[in-house]
**Student:** 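Sending over a structure as structure tokens; questions will come in a sec.
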Amino acid sequence: MISVVKILPRSFYNRPTLAVARELIGARLVRIFHGKKLVGLITETEAYISQNDLACHAKAGLTARTAPMFGPAGHSYVYFTYGNHWMLNVVTEKEGFPAAVLIRAIQPIEGAEIMLERRMGRDTYGPGKLTQAMGITKSENNLDLTIRNSSLWIEEGISVPKKNVTIGPRVGLNKTPEPWLSKPWRFLVKDWKIL
DNA sequence: AGCACGATGCTCT
DNA sequence: GAGCATCGTGCTT
């Protein structure tokens, strides 16, 4: 019996962002980097929903930077921040409705030694850390993650039970006003090891 | 053209 | 736990 790997289809992402953020926990993020396959289980996500959400980049409306979020679900939205870091998001909801899920952490399960080397021995627990580990930058912006392309997609992974998922407010929002600051739109695995 | 700041990470204390 | 590196983006002038 061979196991059939299923790529998460567009219909998975074309749904309410909170459901997608929750269900991406445990999914397999697959990256082909210089011909090598790097795989990590997603262990932390955050939802950014619509122009009303003042923590969401879409609050600025449709710009060159935020355009991917206004596009079809299942595409990547990669942006640069703090002068150093690339952040990986997956676009959700119907086209024209700007929303996305930030992938904040992974647990390496394939090609771990390469990711470890790229991180110089440090962990991959953090949104800027996982993109560095997987070599994800601007080139990976606005890619369709629902097809087996040459560089990046997301597969069905393991099911993480409710009792192992913590829900809480998003982090790093600094000056974002309420109620957005306290929205419980962050999902993370309680125990860092989910295998 | 200039400016403030950020969905962070690293180092030092 | 505080300070800082570092630069693209959006907003102001």
Side-chain angles (χ1 to χ4, degrees), chain A residues 13 16-25 27 29 31 38 40-71 73-93 97-108 112 114-143 145 152 154 165-189 192:
Chain A
Y13 301 101
T17 307
L18 289 175
V20 177
R22 165 62 181 88
E23 292 170 37
L24 274 177
I25 297 292
L29 178 63
R31 163 76 167 143
L38 311 177
L41 291 183
I42 296 173
T43 58
E44 182 178 351
T45 61
E46 279 179 2
Y48 289 85
I49 314 172
S50 91
Q51 302 192 48
N52 298 326
D53 176 6
L54 294 183
C56 181
H57 290 167
K59 71 184 177 201
L62 176 58
T63 65
R65 180 209 208 186
T66 63
M69 272 202 287
F70 287 80
H75 282 235
S76 58
Y77 166 46
V78 177
Y79 70 89
F80 184 72
T81 192
Y82 288 109
N84 299 293
H85 309 293
W86 295 96
M87 303 285 142
L88 171 65
N89 300 252
V90 194
V91 176
T92 58
E93 316 232 14
F97 184 97
V101 172
L102 171 68
I103 311 298
R104 288 190 57 89
I106 59 163
Q107 178 182 333
I114 295 174
M115 291 190 262
L116 194 70
E117 184 185 334
R118 289 186 54 76
R119 288 282 304 139
M120 292 172 289
R122 294 185 285 260
D123 67 79
T124 55
Y125 190 80
K129 297 177 184 179
L130 78 90
T131 54
Q132 189 198 8
M134 289 188 153
I136 293 170
T137 66
K138 195 71 178 174
S139 305
E140 283 66 50
N141 187 34
N142 211 12
L143 296 179
L145 306 184
L152 191 66
I154 302 178
V165 177
T166 297
I167 302 177
R170 298 170 291 181
V171 297
L173 302 190
N174 300 316
K175 294 174 175 59
T176 300
E178 297 289 1
W180 313 109
L181 184 62
S182 299
K183 294 280 188 192
W185 291 356
R186 177 187 189 215
F187 303 84
L188 72 153
V189 177
W192 160 233

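Please read all numbers here as calculations on a predicted model, not as lab measurements. Lettering follows sequence order; numbering is per chain, from 1.
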**Student:** To the nearest Å, give me how far apart CG (L62(A)) and C1' (dG10(C)) are.
**Tutor:**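 Rounding to the nearest Å, CG of L62(A) and C1' of dG10(C) are 14 Å apart.
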**Student:** According to the interplanar angle, ranging from 0 to 90°, do the rings of F80(A) and W86(A) count as parallel (below 30°), tilted (30 to 60°) or perpendicular (above 60°)?
**Tutor:** tilted
**Student:** So do R31(A) and E140(A) actually touch side chain to side chain, heavy atoms under 4.5 Å?
**Tutor:** yes
**Student:** Indicate yes or no for a side-chain donor-acceptor contact from D53(A) to the backbone of Y48(A) under 3.5 Å, with no hydrogens or angles considered.
**Tutor:** no
**Student:** Without hydrogens or angle criteria, can the side chains of R119(A) and Q132(A) be said to hold a donor-acceptor pair below 3.5 Å?
**Tutor:** yes
**Student:** Where does DNA chain C form stems of at least three consecutive Watson-Crick or G-U wobble pairs, each pair having both distances below 3.5 Å?
**Tutor:**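 Expected stems, ordered by start: B:1-6 with C:7-12, B:8-12 with C:1-5.
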**Student:** Would the distance check show the side chain of E93(A) and the main-chain N or O of T17(A) forming a donor-acceptor pair, the cut-off being under 3.5 Å?
**Tutor:**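 A pair under 3.5 Å: yes.
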**Student:** For a side-chain contact (heavy atoms from CB on, under 4.5 Å) with I136(A), tell me which candidate from I103(A), L88(A), L38(A) qualifies.
**Tutor:** L88(A)
**Student:** For the side chain of N84(A) and the backbone of Y82(A), is there at least one donor-acceptor N/O pair under 3.5 Å apart?
**Tutor:** yes
**Student:** Please check this pair: side chain of T45(A) against backbone of V101(A), looking for a donor-acceptor N/O pair closer than 3.5 Å.
**Tutor:** no
**Student:** Which letter, B, S or -, goes with each nucleotide of nucleotides 2-10 of chain B from 5' to 3', with contact meaning a protein heavy atom under 4.0 Å?
**Tutor:** ----BBBSS
**Student:** Just the atom pairs and distances: protein N or O near nucleotides 1-3 of chain C's N or O, under 3.5 Å.
**Tutor:**
none

**Student:** Determine whether Y13(A) and V90(A) make a side-chain contact, defined as any pair of heavy atoms from C-beta on separated by less than 4.5 Å.
**Tutor:** yes
**Student:** Over all heavy atoms of both residues, which pair between V91(A) and P68(A) is shortest? Give the atoms and the distance, please.
**Tutor:**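 Distance-wise, the nearest heavy atoms are CG2-O, 3.3 Å.
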